[in-house]
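As structure tokens, the structure follows; a few thoughts come after it.
Throughout, protein chains are lettered first and strands after them, A, B, ... in sequence-line order, and every chain is numbered starting at 1. Note that the structure is predicted; figures quoted are calculated from it, not measured.
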Amino acid sequence: MNREQLEQCINEYGKDIYAFCSQMTRSSQEAEDLYQDTFLKAVEISDKIDFENNPKSYLVSIALRLWKNRKRKYAWRARIAGTKQLVEEGTSEETENGRSGQENPVEEGYLNKELKKQVRDAVERLDEKYRIPVYLYYTLQLPIAEIADIMKLSKGAIKSRLHKARNILKQELEVVLDEM
Amino acid sequence: MKCDMDQILQQALSPEREPDCRLNRQILQRLEEAEMMRKQNKKRIPVVAFAACATLLLGSMGVFAAWKYLTPAEVAEEFQDEGLSAAFHGEDAIEINETQEYGGYRITLLGIVSGKNLSHYIGSDYQGGIEDDRSYVVTAIENADGTPRPMVSDEAYGEDPFFVSPLIGGLNPWMYNAITLGGGYTEYIVDGIQYRITECDNVEIFADRGLYLSVNDGAFFENSAYHMDPVTGVITRNEEYSGVNALFRLPIDVNKANPDAAAAYIQSMEAENEGEGEPEENTTDVIMEEESVLMEYDE
């Protein structure tokens, strides 16, 4: 992959990959590191990536594998300096390293900020085996077959996990959703 | 409700943040730097220098190591830890470059530095206290047959883990090792060599007891790999151990020892260990995959 191809990859998939990295790491510093390492790794193995056939899945696979390896690596201690928690959209908190992401003007739709936060918090509390397919399906809008490929599970297992995740979230958010 | 929940999740989880241009420029910059580094590393072992090293006696492995490996300061730079890199350039740093080979692996102790606020990053203990007085040890691990170590992102990464730990003469290694000394590590693969920075509470206070660095196979300290003489406190390798059990002396100046601080540390460790009950029963999270309900998700 040459520089131009890498730039094109970043332009097309950078936002989705960054969103996925942010959700998996829950820390702006780690999200940035994971995001960068994902693309650098993609360059390393670019001969194995079919750019005609949805490279987004490959990039997500790379990010997921890197994140899992990092979790193991940092199992003894969590590094806290140099990392800042992701700020809520619309707040003015600046990090030492500057803002890690730009915000898009968001049309609220019928979900207000507070409800969005509660939904996201509830998703973050899900067990990893449910949380990952939820992010892949709803954030990255990947089809079931690709999610199954990435997670190396059957399509039935993915559907089952999404169903279970929805049920858990429905229970957790019952009170909040009833107020809508 | 299903459709509402779908819509709710889609709205709540849609990407709202974008990586900024600075981040993307850094990716391109790191790509260029990585390519330059690879060229530089190859130049670090020019043919003439390699031939010169090959004529040295076997006992000169340290000289070969100096040519072949990144320095501790360079390893710290790989992790973008400018503070630690500067510390390894300072006069308190000890460059060691000693290699041992066991079980098909070549382990090189590159160097150590200790002190307060050295690293760009600050750790915390599980009670939220800042850990600022630390020892940092840099090691390099290679496959003895010359094949490259797996990259962090490879499937094979982690299949043959290593435990790197300072040990203290006279103190049971099972109780005083990198984990119990508030340790952690970060590692990186460069040119097939696995570089690791292991950090823990500053061990210089124990300098008068004899300090060691152990490297054993496995993810935790392997008690059967080492002996400690109960009378002298000297720690040695178990020659009968079939795996990897390298053991290095850490040549730290005994004048840096602080017996009062050491005694206080041991006391707090013993107090922490007193009254520990039975380990909690492990709970296994069993989620059956055979749920028969298949939902009508669009594929």
Side-chain angles (χ1 to χ4, degrees), chain A residues 3 6-7 10 14-16 18-19 22 32 35-37 39-41 43 62 65-66 69-70 72-74 76-82 89 98-104 106 109 111 115-116 119-120 123 127 129 134-135 138-139 143-145 155-157 159-160 162-164 166 169-170 177, chain B residues 1-2 4-24 26-28 30-32 34 119-126 130-131 151-155 157-158 161 178-179 182-187 199 219 285 287 289-295 297-299:
Chain A
R3 186 191 169 103
L6 175 61
E7 283 192 49
I10 292 172
K15 183 178 175 185
D16 282 347
Y18 185 77
S22 300
E32 286 190 11
Y35 174 81
Q36 287 192 17
D37 287 348
F39 280 103
L40 289 173
K41 183 63 183 176
V43 169
I62 292 170
R65 258 189 300 160
L66 287 173
N69 284 332
R70 276 168 195 242
R72 240 183 314 175
K73 196 166 84 172
Y74 292 108
W76 296 352
R77 281 289 183 271
R79 194 171 260 199
I80 60 168
E89 286 75 20
R99 296 185 72 87
S100 63
Q102 297 170 354
E103 293 169 8
N104 285 330
V106 174
L111 277 195
L115 179 56
K116 274 190 189 178
V119 172
R120 285 196 293 263
V123 173
D127 191 276
K129 59 170 45 177
V134 165
Y135 286 145
Y138 290 102
T139 301
I144 297 289
K155 288 190 286 190
K159 290 179 181 177
S160 174
L162 284 170
H163 172 69
K164 180 99 183 188
R166 285 164 45 84
L169 292 169
K170 210 182 293 188
L177 292 174
Chain B
M1 187 59 180
K2 172 188 173 300
D4 287 346
M5 180 55 85
D6 260 343
Q7 198 172 12
I8 288 167
L9 286 172
Q10 196 145 340
Q11 285 200 31
L13 301 179
S14 291
E16 288 176 335
R17 304 180 70 87
E18 273 191 23
D20 65 25
C21 300
R22 169 192 62 86
L23 193 56
N24 291 330
Q26 280 179 359
I27 292 175
L28 298 172
R30 279 180 65 181
L31 181 65
E32 288 167 6
S119 174
H120 172 71
Y121 302 103
I122 302 173
S124 69
D125 59 27
Y126 58 86
I130 299 295
E131 299 168 331
M151 300 291 286
V152 171
S153 54
D154 288 347
E155 295 272 348
Y157 175 78
I179 294 179
Y185 73 88
T186 51
E187 65 184 8
E199 60 170 287
D285 186 23
I287 305 291
E289 295 291 352
E290 296 90 355
E291 287 178 345
S292 58
V293 180
L294 298 180
M295 299 299 109
Y297 290 99
D298 294 330
E299 298 197 23

- Note on the structure: Here the gap from A:I10 atom CD1 to B:L28 atom CG, rounded to the nearest 0.5 Å, amounts to 5.0 Å
- Message: Given A:F39, which partner from the list B:N24, B:I27, B:L23 fulfils the side-chain contact (heavy atoms from CB on, under 4.5 Å) test?
- Response: B:I27
- Query: Would a 4.5 Å heavy-atom cut-off, applied to side chains only, mark B:L9 and A:R166 as touching?
  - Reply: yes
- Message: List the residues meeting ring-ring contact (aromatic ring centres under 6.0 Å, His included) with A:Y135, not counting sequence neighbours, and say none if there are none.
- Response: none
- Task: Please name the pair of heavy atoms, one in A:K116 and one in B:Q11, separated by the smallest distance, quoted to 0.1 Å.
- Result: CE-O, 3.9 Å
- What residues, two or more places apart in sequence or in another chain, satisfy side chain to side chain donor-acceptor pair (under 3.5 Å) together with B:S14? none
- Query: For B:P15 and A:T139, which heavy atoms make the closest approach, and how far apart are they?
  - Reply: CD-O, 3.6 Å
